[in-house]
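The structure appears right after this line, and notes come after that.
Whatever order the structure lists ligands and atoms in, that order sets their numbers, starting from 1.
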Amino acid sequence: MPHVVIGGGILGVSAAYSLIKNGQDVVLIDENHSGKATSAGAGIICPWISSVQDPDWYELAKRGALYYPELIDSLAYDGEQETGYGKTGAIAVSKDKNELNRIEEVARKKKQETEFVGEIKRLNSEQAKDLFPPLNKNLSAVYVSGGARVDGRLLTNAMRSAFEKLGGQVMEGKARLIAQNGQIAAVETQDDRIEAESVIVAAGAWSNELLSPLGLSLSLDVQRGQIVHLKVDEDTSKWPVVLPQTSHYMVAFNDSRIAFGATRETGSGFAYRMTAGGIQEVLNEGLDVAPGLHDATLGEVRIGFRPMSSDKKPLLGKSKKYENLVIATGLGASGLTIGPYAGKVAGQLAVNEKVDIELEAYNPFR
Ligand code: FAD
């Protein structure tokens, strides 16, 4: 019987890919909702200068960032080169020297633990503008070379393509869980029924819809994010991620594209629409930090529903009630960082393999 993974975002696809690499029989089911978070995510992978202070969050985010090079190598081995991953470095920017001192100190502490943080440098405004030309001339920066970015769509497509090449089966549609005798016996879609060895629920913000008929409930909310993509006539492939000290940021990609993000609309529900206030917010914040982008072309607006747990920590572990059920969601605003690693862990839990991390803090029913 196959292992069934429900959810074709970064987390579910990573779980499916790691299971198939582990020689398992795997079926991936995805409903492809509008607002899939992975398709809207900005792509910052830089826990080194993040303002989040929770050590449990940091542990997963760090492991997520460290796992990327291994994953990218594995995908290259499977013939997938176009992952959208780039170790471009990142700059934390501010007008306030004390704030930058604090960020630098935190980054140096993290570097004592992992070399991956890379080079840490203070930049004056001119040096910062050399790296990210449209930047506001009043901002100085802390640069870390270990910051990276990823295009969530490209990476997920690459993992899914490798998964299929290795014999994995992908089904489109809405999955439903069928429980029997303390197990998830099968997963049904409109047209099929699959008897399951194990089931991984990685259905993002929609996970409770799947679990509630079984009497299970996660402390999970949906948070809409609106993000604007701008086009410029320059090569932006080497521009670092820009992190002002707010919840807004900028991420440049290989195709002369820069994402300005993002709104954090807790309690938005699944309203898949852009709002006047949301777009105003991201453009105002973004252009304040990078006024040089005033004349950039407004490309598109992406909308995604972040799966937010109530304490902002991932929900990752096995169910006690159904012993072959693995829950993997709640990645919130950091899912492109944590998702590939969390998917690998979920795959290991599905086959009862020992994992290299203590999972108690992430217990999905805590
Ligand atoms: P999703 O990508 O939402 O995937 C869930 C999938 O499950 C969907 O395809 C859905 O259709 C499917 N599904 C649901 N129910 C069913 C069902 N019954 N049957 C079958 N399929 C089902 N993270 C970072 O690390 N860095 C960032 O810079 C960053 N920026 C972000 C910016 C924005 C605007 C947003 C919205 C998010 C951002 N994130 C970022 C967070 C990250 O994108 C998410 O945490 C991550 O993508 C969640 O992935 P997921 O696979 O859990 O969920």
Please name the pair of heavy atoms, one in Gly204 and one in Thr329, separated by the smallest distance, quoted to 0.1 Å.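 Scanning both residues, the minimum pair turns out to be O-OG1, 3.3 Å.
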
Minimum heavy-atom separation for Ala128 to Leu135, with atom names? CB-CD2, 3.7 Å

Among all protein heavy atoms, pick the one closest to [atom] and tell me residue, atom and distance.
atom: atom 21 (N) of ligand 1; result: Glu31 N, 3.0 Å
atom: atom 46 (C) of ligand 1; result: Gly335 CA, 3.8 Å
atom: atom 10 (C) of ligand 1; result: His33 ND1, 3.3 Å
atom: atom 53 (O) of ligand 1; result: Gly204 CA, 3.6 Å
atom: atom 28 (O) of ligand 1; result: Ile44 N, 2.8 Å
atom: atom 2 (O) of ligand 1; result: Thr38 OG1, 2.5 Å
atom: atom 8 (C) of ligand 1; result: Asp30 OD1, 3.6 Å
atom: atom 3 (O) of ligand 1; result: Ala37 N, 3.0 Å

Does the cation-pi check pass for Lys344 over Tyr17, that is, NZ or CZ under 6.0 Å from the six-membered ring centre and within 45° of its axis? no

Ring-plane angle category for [X] and [Y], please: parallel below 30°, perpendicular beyond 60°, tilted otherwise.
X: His229; Y: Phe253; value: parallel
X: Phe305; Y: Trp206; value: perpendicular
X: Trp48; Y: Tyr58; value: perpendicular

Would [X] count as a polar contact of ligand 1, with the cut-off being nitrogen or oxygen pairs under 3.5 Å?
X: Ile10; result: yes
X: Gln226; result: no
X: Thr329; result: no
X: Trp206; result: no
X: Gly304; result: no
X: Phe305; result: no
X: Lys174; result: no
X: Ile338; result: no
X: Gly225; result: no
X: Gly35; result: no

Under 4.0 Å between a side-chain nitrogen and a carboxylate oxygen: does that hold for Arg257 and Asp255? yes

Side-chain ion pair, Lys21 and Glu70, N-O less than 4.0 Å: no

Select the closest option to [atom] among [options], judged by heavy-atom distance.
atom: atom 41 (C) of ligand 1; options: Gly332, Gly41, Gly339; value: Gly332
atom: atom 34 (C) of ligand 1; options: Ser50, Ala262, Gly9; value: Ala262
atom: atom 7 (O) of ligand 1; options: Gly7, Ser334, Pro47; value: Gly7
atom: atom 19 (N) of ligand 1; options: Ala175, Ala202, Ala42; value: Ala175
atom: atom 20 (C) of ligand 1; options: Gly173, Ala65, Ala40, Ala203; value: Gly173

Looking just at side-chain N and O atoms, do Glu234 and Thr236 make a donor-acceptor pair shorter than 3.5 Å? no

Do we see a donor-acceptor contact under 3.5 Å between the side chains of Asn22 and Glu353?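 Yes.
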
All side chain to side chain donor-acceptor pair (under 3.5 Å) counterparts of Tyr249, not counting sequence neighbours: none

Counterpart residues, side chain to side chain donor-acceptor pair (under 3.5 Å), relative to Asp311 (two or more places apart): Ser309, Arg366

Neighbour count above 12 (heavy atom, 6.0 Å) for [X] [atom1]:
X: Glu323; atom1: CD; answer: no
X: Lys109; atom1: NZ; answer: no
X: Glu113; atom1: CD; answer: yes

With heavy atoms under 4.0 Å as the rule, classify the contact between [X] and ligand 1 as side chain, backbone, both or neither.
X: Ile303; result: neither
X: Ile6; result: side chain
X: Ala333; result: backbone
X: Leu210; result: side chain

With heavy-atom distances below 4.0 Å as the criterion, list the atoms of ligand 1 near Thr337.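 Near Thr337, meaning under 4.0 Å from one of its heavy atoms, ligand 1 has 24 (C), 25 (O).
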
Are Gly152 and ligand 1 in contact, using a heavy-atom cut-off of under 4.0 Å?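 Judged by the 4.0 Å heavy-atom criterion, Gly152 does not count as contacting ligand 1.
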
Check whether any side-chain heavy atom of Trp239 lies under 4.5 Å from a side-chain heavy atom of Ile258, and answer yes or no. yes

Is any side-chain heavy atom of Met1 closer than 4.5 Å to one of Asn324? no

